[in-house]
Amino acid sequence: MKYASPLVFGIGLAVAGCVAPSQTSVPGPTGERIVQAKCGGSPDACFEEAAATCGGQYRVVDSHSNAGGALGDSVPGPVTWYNLSYICGPSDGRMPDFAFRGQSYRPATVTTCSPFGNSIRCIQS
């Protein structure tokens, strides 16, 4: 039982945002590589990832945030995920706004059925 407190503390840290950034890259319309970084808990990790990947300056293409779980944004949870798309090279000075785009997972639907005459009417919400 003496190990319960460190375990709870460790889980708390993971949920609080100590989630390592991940990145992918895709070709942009001009042939430049658009790098996409995803960071949990704080946008700071995305800024650090972009600067490290590009060796300095980068240009922000898009940014947004969404809710998700501690291990990924495809499940419900209390973690805010920050998504930054950027191109390495000279910056135009535009800062990301990380506008909240809601949940990235599909919320469960609730089906309510009730009798209606000689049939049953079901509505999903």
Side-chain angles (χ1 to χ4, degrees):
M1 201 63 169
K2 65 180 178 179
Y3 297 106
S5 293
L7 177 62
V8 171
F9 180 73
I11 291 171
L13 282 178
V15 171
C18 298
V19 180
S22 66
Q23 71 175 20
T24 58
S25 96
V26 295
T30 62
E32 294 174 295
R33 298 298 297 177
I34 299 174
V35 183
Q36 299 168 327
K38 180 188 295 187
C39 311
S42 169
D44 295 347
C46 284
F47 294 133
E48 292 172 10
E49 182 75 18
T53 300
C54 296
Q57 293 190 358
Y58 56 92
R59 181 168 27 110
V60 174
V61 176
D62 188 33
S63 67
H64 74 274
S65 61
N66 59 277
L71 300 178
D73 65 350
S74 61
V75 297
V79 175
T80 299
W81 286 88
Y82 295 90
N83 300 271
L84 177 64
S85 297
Y86 58 92
I87 296 172
C88 293
S91 173
D92 60 4
R94 178 178 167 244
M95 289 294 291
D97 58 6
F98 294 108
F100 189 72
R101 293 188 185 162
Q103 301 168 331
S104 66
Y105 62 91
R106 182 183 171 142
T109 58
V110 176
T111 303
T112 306
C113 299
S114 56
F116 185 75
N118 291 334
S119 62
I120 297 177
R121 173 186 274 173
C122 295
I123 300 172
Q124 286 189 344
S125 58

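Sequential numbering from 1 along the given sequence is applied to the chain's residues.
Side-chain atoms of Tyr58 and Glu49, non-hydrogen and from C-beta on, never get closer than 4.5 Å to each other. Using a 4.5 Å heavy-atom cutoff, the side chains of Ser65 and Arg101 are not in contact. Residues Phe98 and Leu84 form a side-chain contact, since some pair of their non-hydrogen atoms from C-beta on lies under 4.5 Å apart.
A side-chain donor-acceptor contact under 3.5 Å links Ser63 to the backbone of Asp97. Side chain of Trp81 to backbone of His64: no donor-acceptor contact under 3.5 angstrom is found.
To the nearest 0.5 angstrom, Gln36 atom CD is 10.0 Å from Gln23 atom CD.
Val35 and Phe47 end up in the same hydrophobic cluster when Ile, Leu, Val, Met, Phe, Trp and Tyr side chains are linked at under 4.5 Å. In the hydrophobic clustering of ILVMFWY residues, with side-chain heavy atoms under 4.5 Å counting as a link, Val60 and Tyr82 come out together. A single hydrophobic cluster is not seen to contain both Met95 and Ile87; linkage of ILVMFWY side chains at heavy-atom distances under 4.5 Å, directly or through other members, places them apart.
Considering all non-hydrogen atoms of both residues, Val79 and Ala70 come closest at CG2-CA, 3.6 Å. Contact detail for Ser85 and Ile34: the closest heavy-atom pair is CB-CG2, 4.0 Å. Minimum interatomic distance between Arg94 and Asp62 (heavy atoms only, all atoms of both residues): NH1-N, 4.0 Å.
Evaluation of the disulfide (SG to SG under 2.5 Å) test over residues 40-69, restricted to residues two or more places apart or in two chains, returns Cys39-Cys46, Cys54-Cys88.
Partners of Glu32 under the salt bridge (Lys or Arg N to Asp or Glu O under 4.0 Å) rule, at least two apart in sequence or in another chain, are Arg59.
No donor-acceptor contact under 3.5 angstrom links the side chains of Gln57 and Ser91, judged on distance only.
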